Protein chains: 2
Amino acid sequence: MSNPIRVAVLGCGNVGSEVVRLLGEHGDDLTARVGVPLELAGVAVRRPQRHSDVPADLLTTDADELVARDDVDLVVEVIGGIEPARSLLLAAMKSGKSVVTANKALLAEDGMSLHAAAQEAGVDLYYEASVGAAIPLLRPLAESLSGDRVTRVLGIVNGTTNYVLSRMHATGQSFDEALEEATALGYAEADPSSDIDGFDAAAKAAILAGLAFHTTVTAADVYREGISDVTAADIASARNIDSVVKLLAICERVRDADAEAVSVRVHPAMIPATHPLASVGDGFNAVFVEADAAGQLMFYGRGAGGSPTASAVLGDVVAAARNRRSGGRGTAAPATSRLALRTMDKTLTRYHVSLDVDDRPGVLSAVAQAFASHDVSISTVRQEGRGSDAVLVIVTHTATDAALSATVADLHELAIVRAVTSVMRVEGGVG
Amino acid sequence: MSNPIRVAVLGCGNVGSEVVRLLGEHGDDLTARVGVPLELAGVAVRRPQRHSDVPADLLTTDADELVARDDVDLVVEVIGGIEPARSLLLAAMKSGKSVVTANKALLAEDGMSLHAAAQEAGVDLYYEASVGAAIPLLRPLAESLSGDRVTRVLGIVNGTTNYVLSRMHATGQSFDEALEEATALGYAEADPSSDIDGFDAAAKAAILAGLAFHTTVTAADVYREGISDVTAADIASARNIDSVVKLLAICERVRDADAEAVSVRVHPAMIPATHPLASVGDGFNAVFVEADAAGQLMFYGRGAGGSPTASAVLGDVVAAARNRRSGGRGTAAPATSRLALRTMDKTLTRYHVSLDVDDRPGVLSAVAQAFASHDVSISTVRQEGRGSDAVLVIVTHTATDAALSATVADLHELAIVRAVTSVMRVEGGVG
């Protein structure tokens with residue numbers, strides 16, 4: 001049998017320790033898949049004394065030395081964050097090692113440098129675990145759909161926010177109450193800002209858009225709104241129009257001034273209860289893809305956690321190891337174009353607006369005039385209640401986000417509008 | 001720029017004509033993906049005069065000559081059926097060409113010969129389109145999950161039967177009525193036996209099991225029941241226990257006599273309405289996968305049609321073309337073991353049984369005794385109605401299929417049982 005392929009693991013937290021465990025437990029299966037054994041060459045950690053589950057002679061605090069070693073073929077990075085992860089991955093690739101990473105923040109900030117380094121060194125760069133953990137997403141987008149044209153990606157890619165919104169729907173809780181429960185149950189971190197404010201989802205949206213449209217998108221390019229302003233009234237409004245509120249990562253292929261462009265954004269939105277994403281509850285993730293020839297596809301699973309993330313990492317390790325044996329290279333395609341980004345104000349969306357209004361003749365006409373004055377066409381309008389409980393619920397056709405938000409600003413100024421009780425974008429409709 | 005990669009297409013029906021169209025329309029994108037252009041070298045058809053959409057000089061009736069040509073690099077087979085497809089693919093691989101096929105019947109009957117030929121010739125054999133059309137399934141199973149252990153696959157892999165069952169649920173129609181409607185709407189073929197009797201699903205189950213468990217399974221190994229015996233009473237019974245009836249392709253990793261084995265079967269089953277597969281309606285397909293580390297995953301989309309199938313074919317073409325350029329080989333892993341197959345009588349399942357019974361003391365005891373005599377443990381029992389409308393609804397714990405069917409045979413003989421109105425397996429429960 002040929003020489004084993006030797007794997008270095010950088011970081012040994014939730015994910016890293018699962019990678020180490022699976023490399024051991026699935027050893028025979030992995031050997032069968034790759035053709036030669038996969039051997040653990042070393043594990044870089046900060047505090048070796050905390051990792052009694054790893055043989056002491058494999059632990060090191062010197063990650064730089066580990067990635068430079070001649071007897072290492074593949075490097076797995078599960079430290080997270082920008083540095084030192086980036087420098088270690090670049091050094092590993094420069095010395096001819098293929099790399100596997102779960103690092104969404106790094107990919108979304110500087111995927112271009114990493115892809116360029118992989119290209120130059122002729123090595124593999126795989127990062128399936130960076131979005132949706134074990135849900136196969138990046139390989140399907142980059143490879144299975146590479147003969148098709150992806151037109152839209154709608155994803156629920158953050159489990160914490162999906163759990164909080166699911167609880168708000170199930171119980172009528174306020175955002176603060178649901179977040180408190182999520183924190184108590186371990187679904188939200190002590191400092192939940194990265195999840196709640198949409199930073200995590202925005203990084204994943206950048207990665208998805210890059211692979212779906214073969215372009216370069218960074219996290220900073222992504223329009224981002226979190227869920228902390230979603231109210232119990234929004235949730236109730238959604239239910240009234242047979243919809244649910246989800247935090248969506250949305251990537252669309254669009255045309256601006258006769259050139260291809262992309263729109264990439266993260267925000268809460270109402271989607272119809274019949275949409276396949278609507279029933280994705282609690283901590284699950286799902287990504288809905290539309291392509292010219294393939295039509296509608298959806299990928300669903302647990303989007304976080306040590307084991308699911310390690311599963312995706314090991315799938316990448318096997319692919320990179322097989323390529324190394326066969327002398328081939330992986331097909332995690334780097335960007336081949338740099339499409340323009342459509343800004344949020346020009347993005348076409350639909351709005352749902354709920355208004356407490358005076359119950360008297362002419363109200364609907366005045367409200368409709370506010371929409372018309374910004375060229376926003378109304379799809380449905382419904383009046384509920386009478387007297388002091390009169391409520392108008394309006395769903396618009398698509399219009400630019402700028403026109404819609406200007407309309408809402410005008411509605412706030414109308415004397416007959418007592419309160420704007422809910423404003424939310426609507427997604428997932430036909431077309 | 002290097003030489004183009006030249007593609008021969010065998011067959012030009014629904015799928016073939018879409019492949020030809022997309023090769024033309026997505027030409028620039030495909031060139032960007034592969035690095036060199038993909039060129040159509042020829043299209044083998046029976047009646048050239050019927051294909052005015054293909055340049056006449058590319059059409060040929062001599063498929064053997066086309067696959068042997070030196071200026072062909074890749075062969076796409078979308079003829080279907082066993083011969084001449086098999087001989088053509090084997091000849092293509094023998095002459096050093098990578099092949100892409102959508103042929104589920106061939107893969108399920110003789111995938112082993114094809115894989116052996118690919119291995120020997122050092123070429124790629126891809127067949128993503130053979131199951132679930134454009135839904136990326138085979139690459140995720142064979143590659144993304146290659147570092148994990150898949151334990152179970154539950155799939156809705158036939159659109160015709162799913163449409164018929166969905167209509168029976170929606171309307172209360174009988175099987176014959178729903179099938180008639182499906183035929184009129186083009187969802188079922190004039191001779192629907194391949195779909196209705198489960199042959200199509202069984203071929204796909206064999207392919208899924210082979211990739212999920214890295215073993216060899218042929219269509220003949222798959223236990224198969226179609227949906228023609230599903231009654232409106234079965235559908236109503238399912239609704240009463242908050243379930244729906246689906247035709248499932250089921251692949252399980254099991255242990256028999258301390259050795260690994262697999263159970264592969266296709267039959268109608270009740271699954272809980274809350275199961276992710278339950279809401280997969282009409283002509284859609286979905287495959288639910290459980291793996292040790294990844295947990296639960298689901299893949300969803302249109303499982304048939306010219307465009308979705310062509311999308312998957314082109315994804316494979318791009319992968320094979322990239323490999324050809326880079327000198328590597330694909331990772332559509334051939335079987336690495338030959339696991340034993342558990343026969344249906346030894347397979348562990350659960351049954352739902354509905355009985356019309358005499359309403360008198362001792363009935364439940366007599367019925368329970370019939371189950372107990374075969375060591376079948378009852379999970380829930382519910383008595384409905386009184387007098388001549390008395391109905392007993394029983395759901396069992398898991399037992400061998402042989403014990404369950406022997407129990408049902410005994411129930412038919414009991415004097416107090418007026419009729420056995422519904423018997424169906426139950427799947428998709430916890431664990």
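In what follows, every heavy atom counts, from backbone to side chain, and hydrogens, waters and symmetry copies are set aside. Quick note on labels: first sequence line is chain A, next is B, and so on, each numbered from 1. Since the structure is predicted, the reported quantities are computational estimates derived from the model, not experimental observations.
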Sort out for me which of [options] touches chain B most, counting heavy-atom pairs under 4.5 Å.
options                       : answer
A:S279, A:S307, A:G301        : A:S307
A:A293, A:P276, A:A310        : A:A293
A:L297, A:L314, A:D316, A:L23 : A:L297

Region of A:E128 in contact with chain B, defined by heavy-atom distances below 4.5 Å
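The side chain, not the backbone.
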When only pairs under 4.5 Å are counted, which of B:P308, B:A312, B:A134 shares the most heavy-atom pairs with chain A?
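When all of B:P308, B:A312, B:A134 are compared, B:P308 has the most.
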Can you tell me which of B:A286, B:G305, B:A294 forms the most heavy-atom pairs within a distance under 4.5 Å of chain A?
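It is B:A294.
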Could you walk me through whether A:M298 and B:F299 satisfy the side chain to side chain contact (heavy atoms under 4.5 Å, CB included) test, starting with their C-alpha distance in whole Å, then the side-chain angles of each, then the deciding distance to 0.1 Å, before giving a yes or no?
CA-CA 6 Å; A:M298 193 173 77; B:F299 306 84; over 6 Å; no
Can you tell me how far the CG atom of A:L22 sits from the CG atom of B:D148, to the nearest 0.5 Å?
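Spacing of CG (A:L22) from CG (B:D148) equals 7.0 Å.
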Going by atom types only, do A:R149 and B:H26 share a side-chain donor-acceptor pair under 3.5 Å?
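Checked: A:R149/B:H26 side chains show no N/O donor-acceptor pair below 3.5 Å.
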Going by atom types alone, do B:R139 and A:S144 pair a side-chain donor with an acceptor below 3.5 Å?
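Yes, a side-chain donor-acceptor pair sits under 3.5 Å.
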Which atoms of B:D292 are under 4.5 Å from chain A, going by heavy atoms: the side chain, the backbone, both sets, or neither?
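Only the side chain of B:D292 comes within 4.5 Å of chain A.
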Considering only heavy atoms, which portion of B:I135 lies under 4.5 Å from any heavy atom of chain A: side chain, backbone, both, or neither?
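For B:I135, heavy atoms of backbone and side chain both lie under 4.5 Å from chain A.
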Other residues, nucleotides, ligands: >12 heavy atoms within 6.0 Å of [X] [atom1]:
X      : atom1 : result
B:N14  : CG    : no
B:D53  : CG    : yes
B:R302 : CZ    : no

Side-chain heavy atoms of A:P136 within contact of B:P136, under 4.5 Å
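Sidechains of B:P136 and A:P136: no contact.
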At their closest point, which heavy atom of B:L30 faces which heavy atom of A:S146, and how far apart are they?
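It is CD2-O, 3.9 Å.
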